[in-house]
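Computed from a prediction, not measured in an experiment: that's the story for all the values here.
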Amino acid sequence: MKVLTTPLEETEPQGREHLSAYKIIMKPYRSVLAEISRIPGVIVYVEGISLAKDASTTLVYVEFPGKTSVFEEIMGKLRNNPGVIDYKILYKKKYSLTLAVQKSLCEFYKYTLQSNRFTFFPYVLKGGIREFYIVSKEKPKEITFNLSRHGDVILLERLPLNTAIRNTGQLSLKIAISDILTPQQRNILKKAYTLGYYDWPRKISLSELAEEFEISKATLSEHLRRGEQKLFRLFLESL
């Protein structure tokens, strides 16, 4: 397990009651959401958790390849897990779904959501690995010890609070983008950006980019314009 420390910015408050932000990567021992995230092509985002006396309800966004077989596998893991009390599909699209999952209250949730620490939402599970941010007064060794009861702690990194806030915000943006773009649109826009199509001056022309994808200029132009329109709408409507 790696424990890393990033120098805190001068603007961060210091003192006996100072709260520190941590990035944590761990492999849960028992987690139905981690099991779902091990399905090839599936990414699980935890967007919020509500605690009751003996149970919890988790708001979950799941990104998946869009195949019926993958969707059925996700549903099967929820149905067959003894810790799942109930679940409800709140919203379903071809490549994603939003769920409310009611489970028996687990010790990991009780620990991370206690009053003396803050857990940032959303956080992500992919390939059976959970990555999240918390703010706590605890020392790194205390956090590692407590979390090791619930999984293998792979990384614990102390970092500035504004970094944790920014990274969590970027994850929220990633969810929003995944919800409006098709996988093909995301792939085309990302590769166009990486190859310099949006640089000034451009490093690759529309014709050259079309050759990369082995499609016509007209088809590529349509994919780009449709994807760009969705992104502009997302960003401009939030201003």
**Request:** Determine the minimum heavy-atom distance between Ile24 and Leu156, stating which atoms define it.
**Result:** CG1-CD1, 3.4 Å

**Request:** Indicate the atoms forming the closest heavy-atom contact of Asp199 with Lys203, along with that distance.
**Result:** OD2-CE, 3.1 Å

**Message:** Are Phe120 and Phe118 an aromatic pair, judged by ring center distance below 6.0 Å?
**Reply:** no

**Asked** How many angstroms lie between CG in Asn167 and CD in Glu131, if you round to the nearest 0.5 Å?
**Response** 8.5 Å

**Request:** Take Phe121 and Glu47 through the test side-chain contact (heavy atoms from CB on, under 4.5 Å) and record every step on the way to the result.
**Result:** CA-CA 5 Å; Phe121 296 101; Glu47 298 198 279; 5.7 Å; no

**Item:** Arg225 CZ to Phe232 CZ distance, which is reported to the nearest 0.5 Å
**Value:** 9.5 Å

**Message:** Using every non-hydrogen atom in the two residues, find where Pro40 and Pro65 come nearest and quote the distance to one decimal.
**Reply:** O-CG, 3.9 Å

**Asked** Counting only N and O atoms by type, is there a donor-acceptor contact under 3.5 Å from the side chain of Glu222 to the main-chain atoms of Thr219?
**Response** no

**Item:** Pairs meeting criterion salt bridge (charged side-chain N to carboxylate O under 4.0 Å, His left out) with involvement of residues 65-75, two or more places apart
**Value:** none

**Minimum side-chain heavy-atom gap Ser56-Leu51 below 4.5 Å** = yes

**Asked** Going by heavy atoms in the side chains, are Phe64 and Leu97 under 4.5 Å from each other?
**Response** yes

**Message:** For the backbone of Ala218 and the side chain of Ser221, can you confirm whether one donor and one acceptor N or O come within less than 3.5 Å of each other?
**Reply:** no

**Asked** Which pair of non-hydrogen atoms, one from Gln102 and one from Ala55, has the smallest distance, and what is that distance?
**Response** NE2-CB, 4.2 Å

**Request:** Evaluate the criterion side-chain contact (heavy atoms from CB on, under 4.5 Å) for residue pair Ile36 and Leu78; output intermediate values, then yes/no.
**Result:** CA-CA 8 Å; Ile36 290 172; Leu78 290 170; 3.9 Å; yes

**Arg186 and Glu63 ion-paired at < 4.0 Å** = yes

**Message:** Looking at every non-hydrogen atom in both residues, tell me the closest pair between Gly127 and Arg38 and how far apart they are.
**Reply:** C-CG, 3.9 Å

**Item:** Check: Asp54 and Ser104 side chains under 4.5 Å, non-hydrogen atoms
**Value:** no

**Request:** Could you list all the salt bridge (charged side-chain N to carboxylate O under 4.0 Å, His left out) pairs where at least one residue sits in residues 102-116, not counting sequence neighbours?
**Result:** Glu107-Lys110

**Request:** Please confirm whether Arg117 makes a cation-pi placement over Tyr111, using NZ or CZ under 6.0 Å from the six-membered ring centre and within 45° of the ring normal.
**Result:** yes

**Prompt:** What do the steps show when you test Phe132 against Phe108 for ring-ring contact (aromatic ring centres under 6.0 Å, His included), and what is the final call?
**Reply:** CA-CA 13 Å; Phe132 64 104; Phe108 172 77; 5.7 Å; yes

**Message:** Out of the candidates Leu159, Thr119, Thr163, Ile165, only one should pair with Tyr133 under the side chain to side chain contact (heavy atoms under 4.5 Å, CB included) rule; please name it.
**Reply:** Leu159

**Prompt:** Counting distance only, does the side-chain N/O of Thr58 pair as donor-acceptor with the main-chain N or O of Ile49 below 3.5 Å?
**Reply:** no

**Prompt:** Taking the side chain as C-beta and beyond, is there a heavy-atom pair between Val62 and Val60 under 4.5 Å?
**Reply:** yes

**Request:** Might you confirm whether atom NZ of Lys27 has over 12 heavy atoms from other residues, nucleotides or ligands at distances under 6.0 Å?
**Result:** no

**Prompt:** So, Tyr61 versus Tyr91, ring centres under 6.0 angstrom or not?
**Reply:** no

**Message:** Rounded to the nearest 0.5 Å, what separates atom OG in Ser50 from atom CG in Leu59?
**Reply:** 10.5 Å

**Message:** Looking at Lys93 and Asp179, would you say the former's side chain and the latter's main chain have a donor-acceptor pair under 3.5 Å?
**Reply:** yes

**Cluster link Phe145 to Tyr22, ILVMFWY, side chain under 4.5 Å** = no

**Prompt:** Under the 3.5 angstrom rule, does the side chain of Tyr109 hit a backbone N or O of Thr57 as a donor-acceptor pair?
**Reply:** no

**Message:** Is the shortest side-chain heavy-atom distance between Lys94 and Thr182 below 4.5 Å?
**Reply:** no

**Message:** Would the distance check show the side chain of Asn146 and the main-chain N or O of Glu142 forming a donor-acceptor pair, the cut-off being under 3.5 Å?
**Reply:** yes

**Message:** Between Ile43 and Ile129, is there shared hydrophobic-cluster membership here, with clusters defined by ILVMFWY side-chain heavy atoms closer than 4.5 Å?
**Reply:** no

**Asked** Given a cutoff of under 4.5 Å between side-chain heavy atoms of I, L, V, M, F, W and Y, with clusters grown through shared members, what are the other residues clustered with Leu173?
**Response** Ile177, Ile180, Leu181, Ile188, Leu189, Tyr193, Leu195, Tyr197, Tyr198, Ile204, Leu206, Leu209, Phe213, Ile215, Leu220, Leu224, Leu231, Leu234, Phe235

**Asked** Between Val153 and Ile25, does a side-chain contact (heavy atoms from CB on, under 4.5 Å) hold up when you go through it step by step?
**Response** CA-CA 6 Å; Val153 180; Ile25 300 176; over 6 Å; no

**Request:** Would you give the length of the straight line joining atom CD of Glu228 to atom CD of Gln185, rounded to the nearest 0.5 angstrom?
**Result:** 10.5 Å

**Request:** Is it possible for you to say whether Leu105 and Ile85 belong to one hydrophobic cluster, with membership spreading through side-chain heavy-atom contacts below 4.5 Å?
**Result:** no

**Item:** Any Leu171 side-chain heavy atom under 4.5 Å of Val124 side chain
**Value:** yes

**Prompt:** Stepwise, does the side-chain contact (heavy atoms from CB on, under 4.5 Å) test hold for Asp152 with Tyr29?
**Reply:** CA-CA 7 Å; Asp152 293 324; Tyr29 293 139; 3.3 Å; yes

**Item:** Min side-chain heavy-atom separation Ser136-Leu19 under 4.5 Å
**Value:** no

**Asked** Do you know the tightest heavy-atom contact between Met26 and Pro28?
**Response** O-CD, 3.5 Å

**Flag if over 12 foreign heavy atoms under 6.0 Å of CD, Gln170** = yes

**Message:** Contact between Leu99 and Met75 at the side-chain level, heavy atoms closer than 4.5 Å - yes or no?
**Reply:** yes

**Asked** To the nearest 0.5 Å, how far apart are NE2 in His150 and CZ in Arg130?
**Response** 9.0 Å

**Message:** In this structure, would Tyr45 and Val101 fall into the same cluster of hydrophobic residues linked by side-chain contacts under 4.5 Å?
**Reply:** no

**Request:** Following the transitive rule for hydrophobic clusters with a side-chain heavy-atom cut-off under 4.5 Å over Ile, Leu, Val, Met, Phe, Trp and Tyr, establish whether Val70 and Val32 coincide in one cluster.
**Result:** yes

